[in-house]
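Comments concern the structure below.
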Amino acid sequence: MTTVRTRIAPSPTGDPHVGTAYIALFNLCFARQHGGQFILRIEDTDQVRSTRESEQQIYDALRWLGIEWDEGPDVGGPHGPYRQSERGAIYKKYSDELVAKGHAFPCFCSAERLDAVRAEQMASKETPRYDGHCMHIAPEEAQRRVAAGESHVVRMKVPSEGVCVVKDMLRGEVEIGWDRIDMQVLMKADGLPTYFLANVVDDHLMGITHVLRGEEWLPSAPKLLKLYEYFGWEAPVNCYMPLLRNPDKSKLSKRKNPTSITFYQRMGFLPQAMLNYLGRMGWSMPDEREKFTLDEMIANFDITRVSLGGPIFDLEKLSWLNGQWLRELPVERFAAEVQKWAFNPEYLMQIAPHVQGRVETFSQIAPLAAFFFSGGLNLDASLFEHKKLSPEQVRQAMQLVLWKLEALRQWSKDGITAVIQAVAESMGLKLRDLMPLMFPAITGQASSVSVLDAMEILGPDLTRFRLRQAIELLGGVSKKENKEWEKLLAAIA
């Protein structure tokens, strides 16, 4: 009997996302329930945005939750390497095989030509897709141009008519018309694979038997299935999990809900409660109880109990569930968890140097440093009144700083300072002109310890969360402003 093998394959391009943890949890439970293995693979072919820091954050966040894997870049295994950036020669071999068999072809089209074709198709109310221009170049001619070093990608061929039947563990058979499927790029001009080729090759070579992934991948399933067919490989069993939703039913996004796992860790949620809550996203225990452990979930796991309605990720419900967990802890364990969360020597030592020179008695520490041990703050809008800036410019400055901080991958005082400096200069201001906005947003006070040091200590998740809170308090950002300010953002160095 075949051993069940599932995997999670996150991209290390940002904060570790709760959606990644949600899909990882269900893959882990499915594998464990069948006595199988769970693999972690890093999809880092986006060399511009992928970082080792982000990769480490993924490991730390999943382990904080209690999710462990049997094989992966950090633990090894018989099917490595487990980073796609280290598997380039493997993808090149299989890409060449597809071209040799006539299932794929080199495409030399420029970005300008592709944009023009797309614009023409959209004007004609057609589905935008590649028009097959380079598919008709004779193979010998195409290979001559490749050998001459002409820039190109490799595209797969797809049928132009008929339907692809996708078998899904939750939905049964789903029919998707080939007229909606593009000739997908498999290898980029830089010689690195796209998700589609790398995903199929890796899943096959790593012996993955079942793939539980987000339902946003269902429309592109025909491309993956066609690649399995081209290679003559058996496709894994597919299960398209319902997407996590905001309370307004829109797709979970950081603009409406904190999505970083580390945010919840910094806010003081218990990992067991967080994992419990993710387990309730579209799934329920046979006895419908709300509170359960990972071991209990694995023991009772049945993929057919997943509901297709988009599960709502509700911060209030998560907080309620966390409260249940906290209240059931023995008081000694409760105290120990509080210490581990923020009252530990490592965190206190970061704060102490900034507080020591500003107090005359220990009793003054709590009022001064309370914001270091808080999540959200009770903000006073009057603290954001500015001598030089109108209320609109205040919101604009803070939103531009927030956007720049969201893109800041290496979190340091120097990096944070450079971001605020760049936004100030873009608005014809100096750094000191924007600092009076940072103090109340981050500390809740007009003045405090060094706010730049405080932002570094609080970390990216709480810093960004508090800036979002402050912007919402001041009226938020309209769709029109969002559009206009994003153009300003693009011009900031």
Side-chain angles (χ1 to χ4, degrees), residues 1-9 11 23 27 30-31 34 36-39 41 43 45 71 78-82 84 87-107 129-130 135 153-188 192-241 303:
M1 190 176 158
T2 306
T3 302
V4 167
R5 285 170 62 82
T6 66
R7 53 80 173 162
I8 184 78
S11 299
I23 296 296
N27 274 281
F30 187 85
H34 288 89
Q37 289 134 12
F38 171 59
I39 291 91
R41 183 172 74 226
E43 298 199 340
T45 54
E71 300 170 27
H79 300 280
Y82 293 91
Q84 288 186 337
R87 297 171 64 81
I90 298 171
Y91 306 128
K92 173 80 167 63
K93 173 193 165 192
Y94 285 104
S95 172
D96 290 347
E97 181 184 317
L98 288 174
V99 173
K101 287 179 175 176
H103 298 315
F105 59 94
C107 171
R129 62 205 294 257
Y130 182 66
M135 188 169 65
V153 299
V154 174
R155 289 183 185 274
M156 70 181 288
K157 293 180 180 178
V158 296
S160 55
E161 51 191 39
V163 296
C164 177
V165 177
V166 180
K167 290 179 181 173
D168 174 21
M169 292 175 82
L170 300 179
R171 296 166 184 79
E173 293 189 346
V174 180
E175 292 190 351
I176 299 174
W178 282 111
D179 59 349
R180 291 158 55 188
I181 305 300
D182 203 359
M183 293 187 197
Q184 178 65 47
V185 172
L186 300 178
M187 291 289 275
K188 297 177 281 190
L192 286 168
T194 60
Y195 166 86
F196 294 89
L197 179 67
N199 188 279
V200 166
V201 169
D202 288 347
D203 280 351
H204 174 71
L205 296 181
M206 292 181 185
I208 303 303
T209 61
H210 295 74
V211 176
L212 284 68
R213 54 160 70 94
E215 66 185 347
E216 72 267 35
W217 291 104
L218 182 54
S220 60
K223 299 177 196 178
L224 300 172
L225 293 174
K226 185 56 72 173
L227 284 174
Y228 278 103
E229 183 188 315
Y230 284 161
F231 284 124
W233 299 336
E234 185 181 349
V237 178
N238 284 297
C239 177
Y240 291 91
M241 297 290 294
I303 194 69

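Just so you know, residue 1 is the first one in the sequence shown, and it goes up from there. Quick caveat: nothing in here was measured; it's all calculated off a predicted structure.
One finds the NE2 atom of H210 at 4.0 Å from the CZ atom of F30 (value rounded to the nearest 0.5 Å). Taking CG from L186 and OH from Y94, the interatomic distance works out to 14.5 Å, rounded to the nearest 0.5 Å. Remark: M206 CE to T6 OG1 distance equals 13.0 Å, nearest 0.5 Å. One finds the CD1 atom of I181 at 6.5 Å from the CH2 atom of W178 (value rounded to the nearest 0.5 Å).
Using a 4.5 Å heavy-atom cutoff, the side chains of L98 and V154 are not in contact. Residues L212 and I8 have side chains not in contact (no heavy-atom distance under 4.5 Å, counting atoms from C-beta outward). Using a 4.5 Å heavy-atom cutoff, the side chains of I39 and I208 are in contact. Residues L197 and S95 form a side-chain contact, since some pair of their non-hydrogen atoms from C-beta on lies under 4.5 Å apart.
Counting only distance, with no hydrogens or angles, the side chain of T209 and the backbone of P236 share no donor-acceptor pair below 3.5 Å. Not a single donor-acceptor pair under 3.5 Å links the side chain of H103 to the backbone N or O of V99. A donor-acceptor pair is defined here as one N or O able to donate and one able to accept, closer than 3.5 Å; such a pair exists between the side chain of S11 and the backbone of E43. A donor-acceptor pair under 3.5 Å is formed between the side chain of N27 and the backbone N or O of I23.
The residues K101 and E97 are annotated as salt-bridged, a charged nitrogen and a carboxylate oxygen being separated by less than 4.0 angstrom.
With sequence neighbours excluded, no residue forms a side-chain hydrogen bond (donor to acceptor under 3.5 Å, both in side chains) with D179. Legend: residues meeting side-chain hydrogen bond (donor to acceptor under 3.5 Å, both in side chains) with Q37, ordered by chain and number and at least two apart, are R5. Shown here are the salt bridge (charged side-chain N to carboxylate O under 4.0 Å, His left out) partners of D182, two or more places apart in sequence or in another chain: there are none. Taking the side-chain hydrogen bond (donor to acceptor under 3.5 Å, both in side chains) definition, one finds that D203 meets it with R7, R41, sequence neighbours left out.
The list of side-chain hydrogen bond (donor to acceptor under 3.5 Å, both in side chains) pairs with a residue in residues 219-230, not counting sequence neighbours, reads Q184-K223, K226-E229. Residue pairs meeting the side-chain hydrogen bond (donor to acceptor under 3.5 Å, both in side chains) criterion with at least one partner in residues 158-175, sequence neighbours excluded, are D168-R171, R171-E215.
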Inset, instruction - Report the C-alpha distance between H204 and F231 in whole Å, list the side-chain angles of each, state the deciding distance to 0.1 Å, and finish with yes or no for ring-ring contact (aromatic ring centres under 6.0 Å, His included). - result: CA-CA 10 Å; H204 174 71; F231 284 124; 8.0 Å; no
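Looking at Y82 and E71, their side chains do bring a donor and an acceptor atom within 3.5 Å of each other.
A 6.0 Å sphere centred on NZ of K92 holds no more than 12 heavy atoms belonging to other residues, nucleotides or ligands.
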